[in-house]
Amino acid sequence: MFQLLRTVGLRAFSMASETYTSGTHSAAFVTCPNDTVAKDLARGIVEKKLAACVNIVPAITSVYEWQGKIEEDSEVLLMIKTRSSKVPALAEYVRSNHPYEVAEVISMPIDQGNPPYLKWIGDVVPE
């Protein structure tokens, strides 16, 4: 029992002692027309170190106004974890490699999270 408490206590101390400045990293979102485009963009983003990780969320439905008409399409969502400083380069990469005339690239700063995971993002994505 003592060993279990010691392990839990050391893990909690380790996580608490790691610091993270709110907003250093961001979660960005990009919609894609299909799985092929999503995978190609995701691989390129990670290979170019524009993000540490890209999750591909299949089968979303988007309802939006485009050129005066209400549209509804099946899409694939990319959820991208990166440094906030990389968002402009990420947006440029998506604009240059995405088939949409106006590609969605939006981001939100990460306020807090699991310190080792946030450290990993910073380790993988250089300044």
Side-chain angles (χ1 to χ4, degrees):
M1 180 66 160
F2 175 73
Q3 183 60 31
L4 175 64
L5 290 174
R6 184 174 184 275
T7 301
V8 170
L10 287 174
R11 180 172 288 164
F13 176 76
S14 171
M15 288 176 64
S17 65
E18 296 181 43
T19 60
Y20 173 73
T21 303
S22 177
T24 301
H25 303 325
S26 288
F29 302 91
V30 173
T31 51
C32 300
N34 57 53
D35 197 52
T36 301
V37 170
K39 286 180 180 178
D40 288 347
L41 281 173
R43 281 190 193 99
I45 288 165
V46 173
E47 286 172 357
K48 295 192 174 303
K49 299 220 176 268
L50 296 171
C53 176
V54 179
N55 300 115
I56 299 173
V57 183
I60 65 166
T61 300
S62 296
V63 178
Y64 56 96
E65 182 177 326
W66 180 248
Q67 297 179 343
K69 294 194 299 191
I70 302 299
E71 303 284 347
E72 182 175 317
D73 287 312
S74 293
E75 293 186 297
V76 177
L77 178 67
L78 301 182
M79 190 172 81
I80 304 162
K81 279 73 70 175
T82 189
R83 287 183 180 270
S84 295
S85 62
K86 291 292 184 175
V87 171
L90 170 67
E92 178 57 36
Y93 178 82
V94 171
R95 280 193 304 272
S96 297
N97 293 281
H98 201 289
Y100 288 171
E101 184 180 337
V102 179
E104 172 187 5
V105 182
I106 59 173
S107 71
M108 296 181 292
I110 297 172
D111 182 42
Q112 56 186 321
N114 181 18
Y117 183 81
L118 298 172
K119 180 182 181 316
W120 171 74
I121 294 172
D123 290 346
V124 171
V125 181
E127 282 289 343

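Values reported hereafter were calculated over all heavy atoms of this structure, with side chains retained and with hydrogens, waters and symmetry mates removed.
- Residues Asp111 and Ser22 come closest through the heavy atom pair OD1-OG, 2.6 Å.
- Side-chain atoms of Thr31 and Ile60, non-hydrogen and from C-beta on, do get closer than 4.5 Å to each other.
- Listed here is the closest heavy atom pair of Tyr100 and Cys32: OH-C, 3.5 Å.
- Put simply, Leu90 and Leu41 are part of the same group of oily side chains (I, L, V, M, F, W, Y) that touch within less than 4.5 Å, one to the next.
- Residues Val37 and Ile45 fall within the same hydrophobic cluster, defined by Ile, Leu, Val, Met, Phe, Trp and Tyr side chains chained together at heavy-atom separations under 4.5 Å.
- No side-chain heavy atom of Lys69 sits less than 4.5 Å from a side-chain heavy atom of Tyr64.
- Counting only heavy atoms from C-beta outward, the side chains of Pro115 and Trp120 never approach each other to under 4.5 Å.
- To the nearest 0.5 angstrom, Cys53 atom SG is 8.0 Å from Ile121 atom CD1.
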Item to complete: Applying side chain to side chain contact (heavy atoms under 4.5 Å, CB included), run through Glu75 and Thr61 and close with a yes or a no.
Response: CA-CA 6 Å; Glu75 293 186 297; Thr61 300; over 6 Å; no
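- Closest approach of Ser84 and Gly23 over heavy atoms only: OG-O, 2.7 Å.
- Between Ile56 and Lys39, the closest side-chain pair of non-hydrogen atoms falls below 4.5 Å.
- With sequence neighbours excluded, no residue satisfies salt bridge (Lys or Arg N to Asp or Glu O under 4.0 Å) with Asp73.
- Summarising the geometry, atom OG belonging to Ser85 is positioned 4.5 Å from atom CD belonging to Glu127; distances are rounded to the nearest 0.5 Å.
- Hydrophobic clustering (ILVMFWY, side-chain heavy atoms < 4.5 Å, transitive): Val46 and Leu50 are in one cluster.
- Of the possible donor and acceptor atoms, none in the side chain of Arg83 sits under 3.5 Å from a partner among the backbone N and O of His25.
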Discussion item. Assess the residue pair His98 and Val30 against the criterion (side chain to side chain contact (heavy atoms under 4.5 Å, CB included)); give the C-alpha distance rounded to whole Å, side-chain angles, the decisive distance to 0.1 Å, and a yes or no.
Written reply: CA-CA 10 Å; His98 201 289; Val30 173; 4.0 Å; yes
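- Between Glu65 and Ile70, the shortest heavy-atom distance links the atoms CB-CD1, 4.1 Å.
- A pairwise comparison of heavy atoms in Pro58 and Val76 identifies CA-CG1, 4.4 Å as the closest pair.
- No side-chain heavy atom of Lys119 sits under 4.5 Å from any side-chain heavy atom of Tyr20.
- Residues Phe29 and Ile80 form no side-chain contact, since every pair of their non-hydrogen atoms from C-beta on lies 4.5 Å or further apart.
- Taking hydrophobic clusters as Ile, Leu, Val, Met, Phe, Trp and Tyr residues chained together by side-chain heavy-atom distances below 4.5 Å, Ile106 does not share a cluster with Val87.
- A distance of 12.5 Å separates OG in Ser26 from NZ in Lys81, rounded to the nearest 0.5 Å.
- Under the 4.5 Å side-chain criterion, counting only non-hydrogen atoms from C-beta, Ile110 is not in contact with Thr24.
- Contact check for Val125 versus Lys86: side-chain heavy atoms found under the 4.5 Å cut-off.
- Residues Ala51 and Val124 come closest through the heavy atom pair O-CG1, 4.5 Å.
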